[in-house]
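The block underneath contains the structure these notes are about, expressed in structure tokens.
Just so it is clear, the values below take in all heavy atoms, side chains as well, and ignore hydrogens, waters and symmetry mates. To find a chain, count down the sequence lines: A is the first, B the second, and so on, and within it residues start at 1.
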Amino acid sequence: MEAVQAVRGMNDILPEQVGWWQGIETSAREVLESFGYREMRTPVAEKLELFARGIGESTDIVEKEMYAFEDRNGDWLALRPEATASIVRSYIQHALHAEGGCRKFYQIGPMFRHERPQKGRYRQFHQIDAEVFGLDSPMIDAEMMHMVGVLVDRIGITNVGLNINTLGCPGCRQVYREVLKKFLIEQGEGFCGDCLRRRDTNPLRVFDCKVQKCAELLESAPRLLDHICNDCRAHFDAVKDHLERLGTRYAVNPRIVRGLDYYMRTTFEVITDRLGSQSAIGGGGRYDGLVRDLGGPDVPAVGFAMGMERLVLLLEQEKERPLRSPFCFFASLGDQARAKAFVLAQQLRGRGLEAELDYEGRSLKSQMRRADKSGARYVLILGEDELARSEVQVRDMLTKTQRLLPLENILETLLTIDSQK
RNA sequence: GUGGGUGUAGCUCAAUUGGUUAGAGCACUGGGUUGUGGCCCCAGAGGCUGGCGGUUCGAGCCCGCUCACUCACCCCA
């Protein structure tokens, strides 16, 4: 009988790794909440149309990476490839703008994209995602990037960089697009096939190209930064000023173009050079038109997402794996003693301390080995002799010392020992 | 979707030009101590060599197909 395997690109997170995940989630919640963000949980599936309209019909994500399916009612649904569209949908559906002022939300959970898996990239992956609605101010752009820095720091990752760019608004981008297209045509056929194709479909993407030849030809290309309108320039300058005020280091990188259509003005990426070909551990930007385009009020917005798998990969390189071990282990000899240990273990657990025990009546040696492997600090040895005298051996595995203590009040004794640690 | 690499025990890997019963370390179980962990010693268990087909007297090894994993491209977190 052949065993069933997990779906390609969708991984189990086993107990030995789950400590990383819990640590990251805890840090994320603490930092985001302290910046005023509140959690929202949306379904993993949405109407297909939401993503098509939100992310852009011609993006790779929508064109070829979505898990789309027809449900039994004949509706076309898709597993979410990212969180922003869902949060915007929810924001509009529940009229969350009605309370006025700005609203900040976050979400942590799985996303799905049907890509070829590789290091740091999977078909089911997990993101920490945050969105702010209702603020035009460049201050929030800067605050979000600063917050991402605080978050990365709190998680325990070092040596990451922040790249920022501006894409301009739809108005000035249109102007620049034509200028760039003209330049690309003047340069002739020297570009790679992909770039020649992009020239007509989405000229801005040529800056994403990693082919050496293309990068050289683009050295003298006109820069979007030289063509943006005054409002966009002022916004970008203000973002940079605020970042400097916060002491957040950044580099302006005109190549941060991003693959989702909704971004405008500020875009940014948090990058590392330690993940093979995957360099971005997080990214985001401003998307002022999206809420309106999805049928809501004309509300500005900024957001970002971080890839949890990539954070875990980095943490594994930098830190010791967090371990979880019980407070004590009950080793017993004889059926009577084992039955007593069984009851005591439940009572201790009920008081909030992690306790493990032998259920099978193994040899004491075997139980001690197991206790050692579990990492338990104390082993409570309960044999027929101890039981007869209403006593118990309490062995400290770290100091290798043990004391004979009365069985009466043993729970309180252990709780006291724990609180003194 | 396109390329490259790799598939042998739970894990990491051996196995001569194709040659007899596929090995080791770690991990696991038991014992060395009829009641005491790590270190040490002994023993045990664990394999359709990813699958199917081909070449051959003979295939873990060569060939074809397929599947899986992996890295990279594209793109993205």
Side-chain angles (χ1 to χ4, degrees), chain A residues 1-9 11 14 16 24 55 58-65 80-84 108-129 148 152 160 192-195 197-198 202 205 208-211 256-260 268-272 275-284 303-314 329 331-334 337 358 360 362-387 393-402:
Chain A
M1 186 76 136
E2 201 172 315
V4 177
Q5 307 274 308
V7 175
R8 182 167 163 77
N11 303 311
L14 300 177
E16 19 189 75
I24 291 168
I55 298 168
S58 67
T59 57
D60 281 6
I61 293 174
V62 169
E63 265 184 359
K64 50 192 193 194
E65 295 174 2
R80 60 184 181 190
E82 54 112 44
T84 302
I108 299 174
M111 309 294 157
F112 304 84
R113 291 182 200 170
H114 193 104
E115 300 178 272
R116 210 50 182 260
Q118 66 188 66
K119 184 172 184 161
R121 198 179 71 188
Y122 310 99
R123 289 185 173 178
Q124 175 174 332
F125 59 103
H126 299 76
Q127 289 188 335
I128 299 163
D129 185 278
V148 170
V152 163
V160 298
C192 71
D194 282 334
C195 283
R197 192 165 38 79
R198 290 183 181 117
N202 196 346
R205 287 284 185 79
D208 250 350
C209 188
K210 282 154 191 152
V211 177
I256 307 293
V257 175
R258 311 203 53 76
L260 293 80
F268 64 93
E269 275 183 10
V270 182
I271 53 161
T272 175
L275 282 183
S277 76
Q278 252 58 249
S279 59
I281 61 172
F304 83 90
M306 284 221 270
M308 293 189 68
E309 280 78 2
R310 294 179 185 182
L311 297 173
V312 170
L313 284 170
L314 289 176
F329 188 102
S332 55
L333 288 155
D358 169 65
E360 300 161 291
R362 290 166 171 271
S363 70
L364 183 61
K365 183 192 189 77
S366 167
Q367 294 185 54
M368 289 300 290
R369 277 197 190 139
R370 197 161 290 202
D372 184 52
K373 208 177 330 157
S374 78
R377 176 67 193 271
Y378 299 97
V379 178
L380 273 70
I381 304 165
L382 193 60
E384 306 287 6
D385 298 350
E386 286 86 354
L387 193 59
Q393 299 276 3
V394 178
R395 180 171 179 84
D396 183 334
M397 297 295 272
L398 219 60
T399 62
K400 301 186 209 176
T401 56
Q402 72 188 47

Looking at [X] and [Y], what are the two nearest heavy atoms and their distance?
X	Y	value
A:Q367	A:D358	OE1-CB, 3.3 Å
A:E82	A:Q127	CA-OE1, 4.3 Å
A:P110	A:Q124	CB-NE2, 3.5 Å
A:E115	A:R123	O-NE, 2.7 Å
A:Y122	A:G9	CB-O, 3.4 Å
A:M111	A:A83	CE-CB, 3.5 Å

Need one value for [X]: base, sugar-phosphate or nothing, where a base atom within 4.0 Å counts as base even if backbone is also close, heavy atoms only.
X	result
A:G276	sugar-phosphate
A:E82	nothing
A:D129	nothing
A:K119	sugar-phosphate
A:Q402	base
A:Y122	base
A:L333	base

Under-4.0 Å side-chain N/O to phosphate OP1/OP2 contact, [X] with [N]:
X	N	answer
A:K373	B:C28	yes
A:R362	B:G30	yes
A:Q118	B:A72	yes
A:S366	B:U29	no
A:R370	B:G37	no
A:S363	B:G35	no

Side chain of [X] only, please: which of [options] is the nearest?
X	options	value
A:S277	B:U33, B:A72, B:A77	B:A72
A:E115	B:A77, B:U36, B:G38	B:A77
A:R369	B:U2, B:G30, B:C75	B:G30
A:A305	B:G35, B:G37, B:A77	B:A77
A:K365	B:G35, B:G31, B:A77	B:G31

Paired nucleotide for [N] [Watson-Crick or G-U wobble; both distances under 3.5 Å]:
N	value
B:G53	B:C63
B:A68	B:U6
B:G18	none
B:G44	B:C28
B:U34	none

Using whole Å, report how far [atom1] of [X] lies from [atom2] of [N].
X	N	atom1	atom2	value
A:E16	B:G10	CD	P	16 Å
A:Q393	B:G35	CD	P	14 Å
A:D385	B:U34	CG	P	14 Å
A:R116	B:G5	CZ	P	14 Å
A:L275	B:U70	CG	C1'	16 Å
A:E384	B:U36	CD	C1'	16 Å
A:K64	B:G1	NZ	P	11 Å
A:M368	B:G37	CE	C1'	5 Å

Spacing of A:R395 atom CZ and A:L380 atom CG [to the nearest 0.5 Å]: 12.5 Å
CG on A:L333 to CG on A:D385, rounded to 0.5 Å: 9.0 Å
Gap in Å between the two [atom1] atoms, one belonging to [N] and one to [M], rounded:
N	M	atom1	answer
B:U21	B:U12	P	28 Å
B:U66	B:C39	P	48 Å
B:G4	B:G23	P	36 Å
B:A14	B:A72	P	22 Å
B:A22	B:C48	C1'	13 Å
B:G47	B:U8	C1'	8 Å
B:C57	B:U2	P	39 Å
B:C26	B:C63	C1'	36 Å

Upstream residue (5' side of RNA chain B) when A:L382 and A:H114 are each assigned their closest nucleotide: A:H114
Nearest-nucleotide comparison on RNA chain B, the residue closer to the 5′ end among A:Q278 and A:R8: A:R8
Under 3.5 Å donor-acceptor pair, A:Q367 side-chain atoms to B:G35 base atoms: no
Check: A:R369 and A:K373 side chains under 4.5 Å, non-hydrogen atoms: no
